[in-house]
Amino acid sequence: NVASFTFTTNETRATFECRLDDAEFAACTSPQAYAELAQGGHTFEVRTKDLGGNYDLTPAAHTWTIDSITPDTTLSANPAGATYGYIAFSLSSDEAGVTFQCKLDGGSYAACTSPQVYHAYAGLAAGSHTFTVRARDAAGNIDATPATYAWTDNGPYPRAETSVSAGFEHSCALRTDASAACWGDGFYGQDADMPGPFTQVTTGTYHTCGLRNDGSIDCWGSNGYGQAPAHLAGPYFQVSAGDSHTCALRVDGSIDCWGDGQFNQIYPHAGPFLQVDAGGYHTCALRWDRTIDCWGAGDSVTNDWPHLGQSIPETGFVFTQVSAGKHHTCGLTTDGAARCWGATDGDYAYGQSADQAGPYLQVTAGYSHTCGRTTNAVDCWGVEANATDQPYAYTVASAGDSHTCAMIANGAVDCWGYNNAGQATDQPWLETFIDSHPASPEASSSATFTFHSDLATAAFECSLDDGVFVPCTSPATYE
């Protein structure tokens, strides 16, 4: 470590005296060099001495710091291990006042700060990743051995009941074009079709919400408690509509809730969480450690409405999903069993809280019944009229107040149970679209049509004027 100084004076034939740090002044000339300087702060001073022996009473001085030691960088990841569409890194160094440079996988280093966050809506793809960070100190020294962290991201945690949702007296589902279609009671506009595009739709008692591709949320229907704001920016990974409240899971695993909070159902506990489900007057969520946490009505057992134990989860199990019903809650364990609690006796007990061995792929809790989806059926228990088993291979199922809806692979929806407002009406949803056709009027006596369906494997039948439908393919030409 070296330093060199040049200096001048306005006094002719003068000489100089220099000193470094706490040393005595000694005769010197310009330039004055020093070698093998120690790390840390130093002060150089120089004064003029004229022929009469007079000294400059205010020596020129320069103070600087020698720092040739590279900083060491450390990091910690939250959460540690496999992630679901979100990770945050806390960055630190053994030197104060450093800045950081980060890169993900094969990217280039760029300035970053702590915490450094990556999530699915900001480009974090599912798969294996490596995060690298290095510290740079004020002297420009860069950590030559950056801190790294390798992990696997699984994408956003799988959401149950994303494409179909049964509410109180209305139901909604996502079409193949990602729009939301709804049917049943529409007194508050909760049955309105919405163009989206959405990745999830969820129904409450009198409101509906959809999660957009960008993580924002649109809601419609009754907003008497503030449960259905027109738009929330997010970004969110999941949304769930309860009786008169709504909750959504943020990308960092925290939960926001809004709407009716008379039983504290909109005041979530601290996360992080993987999934949230809003029930009648309570809310439950799946934690990162696969336990279930609930808040709101039923956090004590009094057998007095609405406190029926629905917010006291069973312990000692590893869960993969939670579903909050009106007065009960069910969790799906890693072995596919349904464990349920709340409304086990009294006026609101209909057998919907009975544990079931399964194994199930999904569990969904309604008002007076619960259903579990297997690879080739939906099994239900509780009030018999609403809990009819359905021997079919559905992709997702949703238990509503007194009805159930389930989607099959081609996007059609089967519903069963109470149907007073049309909420349990099946939705075949096989749509045909004409892409091109002759102009009108048209001089040519030949006409060609092209068309497609929202089902990729669909076959077509065509009819011209009052003719019968016959098999056809696109394009279809008439001479």
Is a side-chain N or O of [X] found less than 3.5 angstrom from the main chain of [Y], in a donor-acceptor match?
| X | Y | result |
| --- | --- | --- |
| Gln352 | Val383 | no |
| Asp94 | Asp72 | yes |
| Thr205 | Ser244 | no |
| Tyr149 | Ala80 | no |
| Arg339 | Asp355 | no |
| Ser353 | Gly342 | yes |
| Gln275 | Val322 | yes |
| Asp105 | Thr130 | yes |
| Asp218 | Trp220 | no |
| Thr329 | Gln310 | yes |

Do you know which two heavy atoms are closest between [X] and [Y], and how far apart they sit?
| X | Y | answer |
| --- | --- | --- |
| Val133 | Cys102 | CG2-SG, 3.6 Å |
| Pro146 | Thr132 | CB-CG2, 3.6 Å |
| Gly261 | Tyr267 | O-CE1, 3.9 Å |
| Trp295 | His269 | CB-NE2, 3.6 Å |
| Ala228 | Gly221 | CB-O, 4.4 Å |
| Ile255 | Cys247 | CG2-CB, 4.2 Å |

Nearest 0.5 Å please: distance from the [atom1] atom of [X] over to the [atom2] atom of [Y].
| X | Y | atom1 | atom2 | value |
| --- | --- | --- | --- | --- |
| Thr73 | Glu95 | OG1 | CD | 9.5 Å |
| Arg134 | Ser93 | CZ | OG | 13.5 Å |
| Gln362 | Thr374 | CD | OG1 | 11.0 Å |
| Ser323 | Asp277 | OG | CG | 4.5 Å |
| Cys405 | Tyr394 | SG | OH | 10.0 Å |
| Thr162 | Gln238 | OG1 | CD | 9.5 Å |

Reference residue Trp151; test ring-ring contact (aromatic ring centres under 6.0 Å, His included); the match among Phe89, Tyr84, Tyr118: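 That would be Phe89; it is the only one of Phe89, Tyr84, Tyr118 passing the ring-ring contact (aromatic ring centres under 6.0 Å, His included) with Trp151.
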Derivation and outcome, side-chain contact (heavy atoms from CB on, under 4.5 Å), residues His231 and Ser216: CA-CA 7 Å; His231 184 76; Ser216 63; 3.2 Å; yes
Identified side chain to side chain donor-acceptor pair (under 3.5 Å) partner of Asp185 from the options His170, Gln423, Gln190: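 Only match with Asp185 under side chain to side chain donor-acceptor pair (under 3.5 Å): Gln190.
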Residues His129, Asp153; criterion side-chain hydrogen bond (donor to acceptor under 3.5 Å, both in side chains); working and verdict: CA-CA 7 Å; His129 296 284; Asp153 185 83; 5.6 Å; no
Parallel, tilted or perpendicular: rings of Phe451 and Phe460 (30°, 60°):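 Ring orientation, 0 to 90° scale: perpendicular.
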With the side chain counted from C-beta on, respond yes when [X] and [Y] share a heavy-atom pair under 4.5 Å apart, and no when they do not.
| X | Y | answer |
| --- | --- | --- |
| Phe100 | Leu75 | no |
| Leu124 | Leu104 | yes |
| Asn223 | Tyr188 | no |
| Lys326 | Asp243 | yes |
| Tyr86 | Pro272 | no |
| Phe168 | Tyr367 | no |
| Tyr225 | Ile266 | no |
| His307 | Asp299 | yes |

Audit row: Asp289, Thr291, side-chain hydrogen bond (donor to acceptor under 3.5 Å, both in side chains) steps and yes/no: CA-CA 6 Å; Asp289 63 2; Thr291 60; 2.6 Å; yes
Thr199 and its side chain to side chain contact (heavy atoms under 4.5 Å, CB included) partner, picked from Asn213, Val239, Asp214: Asn213
Tyr236-Tyr121 aromatic ring centre distance below 6.0 Å: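 Centroid distance Tyr236-Tyr121: not below 6.0 Å, so no.
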Close aromatic pair by centroid cut-off 6.0 Å: Phe449 and His437: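 No, the ring of Phe449 stays outside the 6.0 Å limit from the ring of His437, centre to centre.
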Full working for side-chain contact (heavy atoms from CB on, under 4.5 Å) between Phe131 and Ile87: CA-CA 10 Å; Phe131 171 73; Ile87 193 168; over 6 Å; no
Derivation of the side-chain contact (heavy atoms from CB on, under 4.5 Å) call for Trp416 and Val378: CA-CA 11 Å; Trp416 58 96; Val378 172; 4.0 Å; yes
Step-by-step side-chain contact (heavy atoms from CB on, under 4.5 Å) determination, Trp183 to Asp191: CA-CA 5 Å; Trp183 58 97; Asp191 69 333; 6.0 Å; no
Short side-chain donor-acceptor distance under 3.5 Å, Tyr392 and Asp414: no
His403/Tyr418 under ring-ring contact (aromatic ring centres under 6.0 Å, His included): CA gap, chis, key distance, verdict: CA-CA 5 Å; His403 72 293; Tyr418 197 48; 9.0 Å; no
Aromatic Tyr360 / basic Arg373 pairing, under 6.0 angstrom, 45° off normal: no
